[in-house]
Amino acid sequence: MDMGKRNFFTAMAIVFIAFWSCSTKPAPPTGQDGEGAMEAWKGLDDFHQLMATSFHPYHDSANVAPAKKLAGEMAVSASRWAQEKLPSRVDNDKVRQLLKDLESKAQALGDLVEVGDDPAIGESLTSLHDTFHLLQEAWKGDRE
């Protein structure tokens with residue numbers, strides 16, 4: 001291999017290594033509660049999975065079947081979440097009240113599912129979703 005090609009490949013290798021090393025993300029800072037890389041809120045994540053699976057079909061096409069199926073799980077999840085130790089960044093009276101409201105609304109949704117009134121189930125699900133979003137906003141704060 002002639003010297004020009006060798007220098008070219010060497011230069012390209014250096015550029016590649018420099019680009020790769022600059023593009024990798026540094027480890028995020030440790031969270032206040034020592035729960036790993038970033039402070040986590042397990043209850044929010046768990047409830048979010050159920051809410052997304054329940055609410056989006058209703059919001060997109062008025063389909064309450066997933067909400068009916070998951071209403072009991074959402075009530076249990078909301079209750080567990082309300083009993084969790086709050087992460088320090090959201091440990092305040094407003095968030096505790098929102099969690100109580102969420103727990104109450106999740107139970108109300110479960111009760112409505114027993115009756116089977118789809119329009120009322122949709123309204124209840126929307127109210128539960130709105131309360132969930134208030135909790136999500138409290139958690140995100142100014143991080144975005």
Side-chain angles (χ1 to χ4, degrees), residues 5-144:
K5 285 184 180 181
R6 182 176 299 169
N7 287 343
F8 173 77
F9 285 117
T10 301
M12 291 305 295
I14 291 170
V15 168
F16 174 77
I17 291 169
F19 178 77
W20 178 78
S21 66
C22 290
S23 67
T24 58
K25 295 180 180 177
T30 301
Q32 293 175 345
D33 294 343
E35 296 180 14
M38 291 298 285
E39 187 176 19
W41 197 4
K42 183 177 176 359
L44 183 139
D45 294 337
D46 292 347
F47 191 84
H48 185 221
Q49 285 297 116
L50 294 167
M51 176 53 71
T53 303
S54 299
F55 183 73
H56 291 288
Y58 172 71
H59 183 262
D60 297 342
S61 61
N63 179 4
V64 294
K68 288 179 174 180
K69 181 179 177 186
L70 295 172
E73 284 183 65
M74 280 195 287
V76 169
S77 180
S79 181
R80 283 186 187 142
W81 188 10
Q83 294 171 25
E84 269 185 20
K85 181 182 182 301
L86 295 176
S88 58
R89 59 182 279 128
V90 291
D91 190 359
N92 59 61
D93 291 338
K94 176 185 174 187
V95 169
R96 279 189 281 284
Q97 184 59 53
L98 285 169
L99 284 167
K100 286 180 186 177
D101 293 348
L102 186 89
E103 185 177 19
S104 174
K105 289 178 180 185
Q107 184 61 50
L109 175 64
D111 293 344
L112 277 173
V113 166
E114 297 298 318
V115 178
D117 181 355
D118 287 359
I121 290 169
E123 288 176 25
S124 180
L125 180 62
T126 299
S127 178
L128 180 61
H129 177 263
D130 292 347
T131 301
F132 169 72
H133 264 275
L134 292 173
L135 284 157
Q136 217 175 19
E137 289 168 14
W139 175 243
K140 289 179 181 178
D142 61 356
R143 293 192 317 180
E144 294 189 321

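These numbers were taken from a predicted model, which means no experiment stands behind them. Atoms considered below: every heavy atom in the structure, side chains included; atoms not considered: hydrogens, waters and symmetry mates.
A side-chain contact (heavy atoms from CB on, under 4.5 Å) with L125 is found for exactly one of K105, M51, H59, namely M51. A side-chain contact (heavy atoms from CB on, under 4.5 Å) with S54 is found for exactly one of L128, L70, L109, namely L70.
Between the S61 side chain and the P57 main chain, a donor and an acceptor come within less than 3.5 Å of each other. Distance alone, capped at 3.5 Å, is enough to place a donor-acceptor pair between the E84 side chain and the G43 backbone.
To the nearest 0.5 Å, atoms NZ (K100) and CG (L98) are separated by 11.5 Å. A distance of 15.0 Å separates CZ in R80 from CG in L99, rounded to the nearest 0.5 Å. The distance from atom CZ of F55 to atom CG of L50, rounded to the nearest 0.5 Å, is 15.0 Å. In this structure, the separation between CG on L86 and CG on L44 is 11.5 Å, given to the nearest 0.5 Å. In this structure, the separation between CZ on F47 and CG on L135 is 9.0 Å, given to the nearest 0.5 Å. Atom OG in S124 sits 5.0 Å away from atom CG in L112 (nearest 0.5 Å).
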Report task. I would like to know whether L134 and E137 meet side chain to side chain contact (heavy atoms under 4.5 Å, CB included); could you show each step before the answer? Result -> CA-CA 5 Å; L134 292 173; E137 289 168 14; 4.0 Å; yes

**Report entry** Test log, rule side chain to side chain contact (heavy atoms under 4.5 Å, CB included), inputs Y58 and T126
**Finding:** CA-CA 9 Å; Y58 172 71; T126 299; 3.4 Å; yes

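Between the side chains of S79 and Q83, at least one donor-acceptor pair of N or O atoms lies under 3.5 Å. Side-chain atoms of Q97 and D93 include no donor-acceptor pair closer than 3.5 Å. In this model, a donor atom of one side chain and an acceptor atom of the other lie less than 3.5 Å apart for D111 and Q107.
Shown here is Q49, whose CD atom has no more than 12 heavy atoms of other residues, nucleotides or ligands within 6.0 Å.
The stretch residues 46-66 participates, sequence neighbours left out, in these salt bridge (Lys or Arg N to Asp or Glu O under 4.0 Å) pairs: K42-D46.
The two residues A40 and P87 come nearest to each other via the heavy atoms O-CG, 3.8 Å. Residues A67 and V113 come closest through the heavy atom pair O-CG2, 4.4 Å.
Below 30°, between 30° and 60°, or above 60°: for H129 and F132 the angle between ring planes is between 30° and 60°, a tilted geometry.
A salt bridge links K68 with D118: at least one charged nitrogen is closer than 4.0 Å to a carboxylate oxygen.
In this structure, the side chains of Q136 and W139 stay at 4.5 Å or more apart for every pair of heavy atoms.
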